[in-house]
Asks: 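Once you've had a glance at the structure underneath, I'll fire off some questions.
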Amino acid sequence: MIDTRAVEELIVERAKRSYARLPLLEVVLDRFALSLSQSLKTYLGSVVDVTLTKMDYLTCQDAIDSLPEPSLIGVTEAVEWSGTIGAALRPELLFSILEITFGGRTVPERPQSTRNFTGIEKRIGKAFCERTLSELSLAFEKVTPVRFEISHLETNPKALMLGPPTSACARAILEIRIEDRVGEMVFLLPTTALDAVGDILSQQFTGGQLGGDSGWRKKLTEKLGTTNIPVSAVLGETKLSLREVLSWTPGQVLELGMQVDDPVTLSVIGKTIARAEVGRRKNGKIALKVSEKLYEEEELPHVLLD
């Protein structure tokens, strides 16, 4: 008889670690990565590209164990949530920030030995974390306002305590490319810190506007409002066979079945939009007076911005 206990134990163990996803949290972090690129570009004065490379769920202990030693970890209080999260800089990212900050752009990236961080390195790293956490607060603003404040720094992941070791933790890994240097920043968000907003973050996101830069939308609205479009005034239409058309002779009258005072139809790109009465202005030019709209009212700015 085959012993299947090992397989059964593995299935049970994996079932215990099957955590519910937080769809709205994933959307917020994805938008956060997009907006962070521009923020860090201004902060560092360099070309910066940020990509959310991984978003997963695991135990707090496994999430902490995945951090290299040493790492610069900002133990951060989420004030409105009454919880604690972690914002960790991997060593290669921290050293790249230091080189860029102190004018090392012309120096090629070189391997860094594993060592403890100096006081100035910690201060620079903390300032960088505070900048990213400020941007993260803005990303959450449309969903649930929150302020992030770093309470202290840790360099040894083993000393980190964010929540019960077996409790769930959302982990977001950002790849940050600064000119020709690449490093990673890791955010650890234990579910214990998200309890206050768990109901909100577990909702499905069905699209629409969630933060981000809406400036282009406003600009597009303004441009659409001043765009010139051709409008056609159709007096009447009738269907004829090709044989009849080919038999036309000069002076022949085409019967449209209309009266002189019948309204004309206004159309834009083949879509009828209104009916109008034909008249004449004082200067003798023919004009149209709109008498009936053939489309539903819709506020264009509202459509564009949402």
Side-chain angles (χ1 to χ4, degrees), residues 9-33 36 52-91 93-94 117 122 125-126 128-141 143-174 184-205:
E9 289 173 359
L10 181 60
I11 293 174
V12 171
E13 182 63 24
R14 287 187 175 179
K16 289 180 180 178
R17 299 189 178 187
S18 180
Y19 303 113
R21 291 176 55 243
L22 300 173
L24 204 53
L25 174 63
E26 296 174 13
V27 172
V28 169
L29 291 173
D30 189 53
R31 301 292 176 91
F32 162 61
L36 187 60
L52 180 62
T53 58
K54 192 172 186 179
M55 174 77 195
D56 56 3
Y57 303 87
L58 57 169
T59 66
C60 277
Q61 190 60 55
D62 289 342
I64 291 172
D65 290 343
S66 68
L67 298 175
E69 184 182 347
S71 291
L72 188 65
I73 308 164
V75 181
T76 305
E77 299 296 328
V79 179
E80 285 75 10
W81 300 346
S82 299
T84 304
I85 70 170
L89 298 179
R90 293 184 181 271
L93 176 59
L94 177 58
F117 303 124
K122 290 179 181 179
K126 182 180 180 182
F128 183 86
C129 287
E130 288 174 338
R131 181 62 179 241
T132 59
L133 289 167
S134 175
E135 197 67 32
L136 184 59
S137 293
L138 293 176
F140 272 107
E141 195 172 54
V143 178
T144 171
V146 61
R147 287 175 294 121
F148 296 107
E149 297 179 356
I150 296 177
S151 61
H152 63 280
L153 297 176
E154 291 284 358
T155 58
N156 185 354
K158 294 178 181 178
L160 192 61
M161 178 60 71
L162 298 177
T166 58
S167 62
C169 178
R171 177 180 63 175
I173 301 177
L174 300 180
E184 289 183 340
M185 186 172 188
V186 183
F187 287 90
L188 304 182
L189 299 96
T191 52
T192 52
L194 305 175
D195 281 344
V197 291
D199 291 342
I200 298 175
L201 298 179
S202 61
Q203 295 176 13
Q204 293 292 331
F205 180 66

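Basis for what follows: all heavy atoms, side chains included, without hydrogens, waters or symmetry-related copies.
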Asks: Roughly how far, to the nearest 0.5 Å, is CG of L52 from CZ of R31?
Replies: 12.5 Å
Asks: So which heavy atom on A78 is nearest to which on F148, and how close?
Replies: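 For A78 versus F148, the nearest heavy atoms are CB-CE2, 3.8 Å.
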Asks: May I ask you to test the T155-L72 pair for a side-chain heavy-atom distance under 4.5 Å?
Replies: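 The answer is yes; the side chains approach within 4.5 Å.
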Asks: Out of curiosity, R21 CZ to S202 OG, how far, rounded to the nearest 0.5 Å?
Replies: 11.0 Å
Asks: Would L22 and Y57 satisfy side chain to side chain contact (heavy atoms under 4.5 Å, CB included), going step by step from the backbone distance to the final call?
Replies: CA-CA 9 Å; L22 300 173; Y57 303 87; 3.8 Å; yes
Asks: To the closest 0.5 Å, what do you measure between CG (L93) and OG (S71)?
Replies: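 Rounded to the nearest 0.5 Å, the CG-OG separation comes out at 10.5 Å.
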Asks: Write down the atom of C169, the atom of A63, and the distance for their closest heavy-atom approach.
Replies: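 Shortest heavy-atom contact: SG-CB, 4.0 Å.
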Asks: After noting the C-alpha distance and the side-chain angles of V143 and V197, does the key distance pass the side chain to side chain contact (heavy atoms under 4.5 Å, CB included) rule?
Replies: CA-CA 9 Å; V143 178; V197 291; over 6 Å; no
Asks: Which heavy-atom pair separates C60 from P164 by the least distance, and what is that distance?
Replies: CB-O, 3.5 Å
Asks: What is the minimum heavy-atom distance between P68 and P91, and which atoms define it?
Replies: CG-CD, 4.0 Å
Asks: What about the rings of F32 and F187, do their centers lie closer together than 6.0 Å?
Replies: yes
Asks: Side chains of E69 and N156, heavy atoms from C-beta outward: is any pair under 4.5 Å?
Replies: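 Side chain of E69 against side chain of N156, heavy atoms only: contact under 4.5 Å found.
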Asks: Could you tell me which non-hydrogen atom of I85 sits nearest to which non-hydrogen atom of A193, and how far apart they are?
Replies: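 The answer is CG2-CB, 4.1 Å.
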Asks: Within the 4.5 Å heavy-atom criterion, are L174 and T132 side-chain neighbours or not?
Replies: no
Asks: Measure the CG-OG1 distance between L24 and T144 for me, rounded to the nearest 0.5 Å.
Replies: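 Going from CG on L24 over to OG1 on T144, the span is 10.0 Å.
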Asks: Would a distance-only check, ignoring hydrogens and angles, find a side-chain to backbone donor-acceptor pair under 3.5 Å from E80 to R147?
Replies: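 Here the side-chain-to-backbone pair exists.
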Asks: If I take atom CZ from residue R171 and atom CG from residue L29, how far apart are they, to the nearest 0.5 angstrom?
Replies: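 Atom-to-atom, R171:CZ and L29:CG are 13.5 Å apart.
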Asks: Where do L162 and T192 come nearest, in terms of heavy atoms and distance?
Replies: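 Looks like O-OG1, 4.0 Å.
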Asks: Give, for atom CG of L201 and atom CZ of F140, the distance between the pair rounded to the nearest 0.5 Å.
Replies: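 One finds 6.0 Å between CG of L201 and CZ of F140.
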Asks: Whether the side chain of S151 engages the backbone of V75 through a donor-acceptor N/O pair (distance < 3.5 Å, no angle test) should be reported.
Replies: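 Between the backbone of V75 and the side chain of S151 there is a qualifying donor-acceptor contact (under 3.5 Å).
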Asks: I'd like to know if the side chain of S137 and the backbone of L133 have a donor-acceptor N/O pair within less than 3.5 Å.
Replies: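 Such a contact is found between S137 side chain and L133 backbone.
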